[in-house]
Amino acid sequence: MSTEKTDTLQIDHDLQVRLLAIAERTGHSVPELAETVLRSYADDAEREQAEFAEDESRWQRYLETGSAIPFDSIKGKLHRLAAEAARRADPQ
């Protein structure tokens, strides 16, 4: 974790107690726990933003070309992937 400290975060007493209990159970300090949680949230938010941009790009491409993959092709591919995953999970 970073040693650089910036702004202070005000947390109400009840949440402080809960965070302290979680931090103690996991062997971390509350600041370490908070940084981990905030970093995870930022990662998720950035990933969501990138996925939205990709979805928007694909939608615009569809609007321009009208080209799409038929549902039955996608359904077949998903069934094949599921069957292969099942075989790998249970290699008898």
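The chain is numbered in sequence order, starting from 1. Predicted model only: the values in this text are computed from it and were never measured.
One hydrophobic cluster, built from ILVMFWY side chains closer than 4.5 Å, holds both V37 and L15.
Under the side chain to side chain contact (heavy atoms under 4.5 Å, CB included) criterion, L9 pairs with I11, not counting sequence neighbours. Listed by chain and number, the residues in a side chain to side chain contact (heavy atoms under 4.5 Å, CB included) with L63 are W59, Q60 (sequence neighbours excluded). Residues passing the side chain to side chain donor-acceptor pair (under 3.5 Å) test with R58 are E54, sequence neighbours excluded. Residues satisfying the side chain to side chain contact (heavy atoms under 4.5 Å, CB included) criterion with R25, sequence neighbours excluded, are A21, I22. Residues meeting the side chain to side chain contact (heavy atoms under 4.5 Å, CB included) test with D14, sequence neighbours left out: D12.
Among all heavy-atom pairs drawn from A23 and V30, the shortest one is CB-N, 3.9 Å. A pairwise comparison of heavy atoms in Y62 and A68 identifies CE1-CB, 3.9 Å as the closest pair.
Taken from NE2 in H13 to CD in Q16, the straight-line distance is 7.0 Å, to the nearest 0.5 Å. Interatomic distance, L19 CG to S29 OG, rounded to the nearest 0.5 Å: 11.0 Å. Rounded to the nearest 0.5 angstrom, E51 CD and E56 CD are separated by 14.5 Å. Within the model, atoms CD of E48 and OH of Y41 stand 8.0 Å from one another, a figure rounded to the nearest 0.5 Å.
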Residues D44, S40; criterion side chain to side chain contact (heavy atoms under 4.5 Å, CB included); working and verdict: CA-CA 6 Å; D44 290 347; S40 177; 4.1 Å; yes
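By the 6.0 Å contact criterion, CD on Q49 is open, its count of non-hydrogen atoms from other residues, nucleotides or ligands being 12 or less.
In terms of modelled atom types and a separation under 3.5 Å, the side chain of S57 and the main chain of A53 share no donor-acceptor contact.
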Return all side-chain donor-acceptor pairs below 3.5 angstrom for residues 73-86, not counting sequence neighbours, or 'none' if the list is empty.
from	atom 1	to	atom 2	distance (Å)
R80	NH1	G76	O	3.3
E84	OE2	R88	NE	3.4
E84	OE2	R88	NH2	2.5

